[in-house]
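Worksheet: one structure, shown below.
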Amino acid sequence: GDTLDVTLHNALAEDTTVHWHGLMVDEANDGSGLHPVPANGERQYRFEVRNRAGLYWYHAHPHNRTGRQLQMGLAGLILVEDEEERALRAQLGLPWGERDLPLMLTDKQVDAGNAIVYRDEADDWIGNRVLANWTPEPAMTVAPGLYRLRMINVANARVLRPAFLHEGAPLPVRLIGTDGGLLDQPRIVDDLFLAPAQRADVLVDFGAVPAGARVLLRSLDYVAMENEDESGPLAPDIMADHPGAVMMGGALDLMVFDVEGVAAPPIHVPDTLSSLPPPPDTTGWKAREIRLSMGADGEWLINGLNFRSHGHHPAFEVKRGSREVWDIRNNMTSMPHPIHIHGVQFRVVSRSISPPDIRARQIADGGLGPQDLGFNDTVLVWPGEIVRVAIDFSQPFSGTQRYMLHCHNLEHEDMGMMLTFAVVD
Ligand code: C2O
Ligand code: CU
Ligand code: CU
């Protein structure tokens, strides 16, 4: 309900924008590359915050330069509060900034002098240095008790699989929220997949390990499924730009927590976190196909189109006030793509033909895992998978509002794995 009013002064020598990732705003305030702010230019963003409580973020979004500008640090967090969130906070009694913390996770490629490096037109930009809240070698001393950690992956390309390990074994944690805020009830998980742009709100009980113990937040190894056919002239030397980096899918230490001090009285976690409705019954909703693939020249495509050649012209139009299901289908000869839709928060209604690692996480009808059960703005679609999402296009704006649909692997986005769609009267 608050009005956010921010003026961007662009002191860079190139275009930039501020995009409010996850917030349901109109085109003029969306800060996509459709409205670049030139060097020395200025732009005011002013809109009412209509989202549920949750951890959202803002970042630069100029065409062709999003990967570079994020790698250099143009990103930050926005915490939205509402009554439900305040009620939960009062119940948990975890002081913000002490036992309720955002954890902004990323990897950077740095050179011998510790300067961040980036190569334009590169593919998946993974790095040799992990940062949490922009801090290298992140570590924290924690009390033996409950903590709320709001994790967000702000890496350019690396999909993380975070787990809290004690003596090598995962400490079960409660997942309480996703991109668009609180789940209806806590779900116990050992680990998660956190793709670029995704958020996971978790309760970790450091009281479950002995005082003096160390808990390691590690991204566990996983099958990266980079199945695209990049043989012959397309064959890249994927690690050439990334000396010292762990390959995609390799285990990566993110942060350490040293448990010290005396246990605080145990905290009761309520069974009901919020009034999140169940996923909608989508019978009769218009269905749309969103196909992800790679073209013959190695270019990433959505519905056969690449943004660099197709440009701003909306690839399709959606009626304001309508509700649609989108079937996002990834080619088997592809890699996992975190697909992000501007202007909305959607519900995942089903996953089919999922790889074994994903099938093993299914806890609800439709093949859904714990992270599919809330509102989301970014969904990871694995090779061969069909992920059906339900989107409600009611919005208080009028006229044509253009939004982006793109892969949040920023190198894919910059290389044109992006479309414009329009919400129309
Ligand atoms: Cu996080 Cu189109 O952006
Ligand atoms: Cu966004
Ligand atoms: Cu992608």
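In listed order, ligands and their atoms are each counted from 1.
- Between Arg89 and Glu81 there is a salt bridge, since a side-chain N of the basic residue sits under 4.0 Å from a carboxylate O of the acidic one.
- Among residue pairs with one or both ends in residues 314-323, those qualifying as side-chain hydrogen bond (donor to acceptor under 3.5 Å, both in side chains) are Arg320-Gln395, Arg320-Asp425; sequence neighbours excluded.
- Counted by atom type alone, Asp281 and Thr283 present one or more donor-acceptor pairs between their side chains at under 3.5 Å.
- Within the structure, side-chain hydrogen bond (donor to acceptor under 3.5 Å, both in side chains) contacts touching residues 185-198 (residues at least two apart or in different chains) are Arg161-Asp191, Asp184-Arg187, Asp191-Arg361.
- With waters left out, the protein N, O or S atoms under 2.8 Å from the Cu ion (ligand 3) add up to 3.
- Between Phe316 and Phe421, the ring planes lie parallel to each other; the angle is under 30°, not in the 30° to 60° tilted range.
- Between Met404 and Ser32, the closest heavy-atom pair is CG-CB, 3.6 Å.
- A salt bridge links Arg148 and Asp201; the closest N-O separation between the charged side-chain nitrogens and carboxylate oxygens is under 4.0 Å.
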Report the C-alpha separation of Phe47 and Trp20 in whole Å, then their side-chain angles, then the decisive distance to 0.1 Å, and conclude whether the ring-ring contact (aromatic ring centres under 6.0 Å, His included) test is met.
CA-CA 11 Å; Phe47 56 86; Trp20 310 94; 5.7 Å; yes
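- The angle that His340 NE2 and His19 NE2 make at the Cu ion (ligand 2), rounded to 10°, works out to 160°.
- With hydrogens and angles disregarded, a donor-acceptor distance shorter than 3.5 Å links the side chain of Asp414 to the backbone of Thr66.
- The aromatic rings of His408 and Trp57 sit tilted, their planes meeting at an angle between 30° and 60°.
- Of all protein N/O/S atoms, those under 2.8 Å from atom 1 (Cu) of ligand 1 are His21 ND1, His59 NE2, His408 NE2, and waters are not counted.
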